[in-house]
Amino acid sequence: QKEVEQDPGPLSVPEGAIVSLNCTYSNSAFQYFMWYRQYSRKGPELLMYTYSSGNKEDGRFTAQVDKSSKYISLFIRDSQPSDSATYLCAMSGQAGTALIFGKGTTLSVSS
Amino acid sequence: GAVVSQHPSRVICKSGTSVKIECRSLDFQATTMFWYRQFPKKSLMLMATSNEGSKATYEQGVEKDKFLINHASLTLSTLTVTSAHPEDSSFYICSARGTGGSEYGYTFGSGTRLTVV
């Protein structure tokens with residue numbers, strides 16, 4: 001079993017839809033959880049950062065962490081064509097250690 | 001905010017030659033650098049971790065003699081792909097962590113697309 005599992009998609013939605021992206025993980029030591037957005041042939045861009053369990057909201061984005069289920073989610077409200085990209089979840093156990101990434105989910109938002 | 005400049009963004013080289021990729025932290029001191037590679041439609045796979053002034057720690061399966069990492073200063077780390085072969089063609093990304101860096105601790109470079117022909 002891989003440490004971090006993420007459905008690669010692709011996921012296609014119409015503009016304005018609510019998008020739900022998810023990752024599961026096996027290492028209970030993970031405490032730091034992040035979501036990145038990556039456009040083709042570019043480096044990943046941080047969207048959300050969460051420590052331990054709970055929810056965090058930033059504009060149209062909401063990140064949720066459920067450590068008891070080893071499950072994290074990213075919700076995108078009012079999706080826009082500009083949100084079309086690959087979304088990667090990442091996590092680590094201790095601050096400053098290397099991030100372990102999911103495979104990434106490719107999202108396409110059509111206008 | 002914290003910025004890591006990665007160069008070159010794209011490079012094409014002949015099989016058997018060596019290629020050097022540089023990552024520079026522009027406004028903070030990168031005490032730790034992580035090097036990743038990413039195949040098309042695949043995740044970022046950690047190759048190695050380097051701390052300034054120390055030898056890099058490589059992940060299992062990564063050839064340290066092929067992927068030479070130097071982190072001699074707090075603002076510069078380099079990855080040299082030696083005797084490159086077509087199977088080394090990939091997207092290489094660095095990620096820096098250090099003092100004065102981003103709030104959450106990791107700043108990524110923009111990536112280098114290496115094509116070996």
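Convention: sequence-line order gives letters A, B, ...; per-chain numbering from 1. Note that these values count all heavy atoms, side chains included, but never hydrogens, waters or copies made by symmetry. Everything numeric here is computed off the predicted structure, so don't read it as measured data.
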Ordered numerically, the heavy-atom neighbours of chain B under 4.5 Å found in residues 102-109 of chain A are A/G102, A/K103
In terms of hydrophobic clustering (I, L, V, M, F, W, Y; side-chain heavy atoms under 4.5 Å; direct or indirect links), are B/L44 and B/V62 co-clustered?
-> no
Considering only heavy atoms, give the residues of residues 14-22 of chain A separated from chain B by less than 4.5 Å, sorted numerically, with 'none' for an empty result.
-> none
Any side-chain heavy-atom pair of B/Y106 and A/Y36 under 4.5 Å = yes
Heavy-atom contact with chain A under 4.5 Å, split by part of B/Q38 = side chain
Over all atoms of both residues, closest heavy-atom pair of A/P44 and B/F108 | CG-CD2, 3.6 Å
Is there a chain of hydrophobic side chains (I, L, V, M, F, W, Y, each step under 4.5 Å between heavy atoms) that links A/M34 to A/L88?
-> yes
Within 6.0 angstrom of B/R10 CZ, more than 12 heavy atoms from elsewhere | no
Under a 4.5 Å side-chain heavy-atom rule over Ile, Leu, Val, Met, Phe, Trp and Tyr, are B/V81 and B/L76 clustered together?
-> no
For B/E87, does the CD atom have more than 12 heavy-atom neighbours from other residues, nucleotides or ligands under 6.0 Å away?
-> yes
Common cluster, A/V4/A/L11, ILVMFWY with side-chain heavy-atom separation under 4.5 Å = yes
So do the side chains of B/L46 and A/F101 get within less than 4.5 Å of each other, counting heavy atoms only?
-> no
Bottom line for A/S92: the part with an atom under 4.5 Å from chain B's heavy atoms is side chain
Are the side chains of A/Q38 and B/I93 in touch, meaning some heavy atoms are under 4.5 Å apart?
-> yes
Step through the shown structure and confirm whether more than 12 heavy atoms of other residues, nucleotides or ligands are within 6.0 Å of CG on B/L26.
-> yes
Does one hydrophobic cluster hold both B/M33 and B/Y58, with members joined at side-chain heavy-atom distances below 4.5 Å?
-> yes
Do other residues, nucleotides or ligands put more than 12 heavy atoms under 6.0 Å from B/K42 NZ?
-> no
Flag yes if more than 12 heavy atoms outside B/K20 fall under 6.0 Å of its NZ atom; otherwise flag no.
-> no
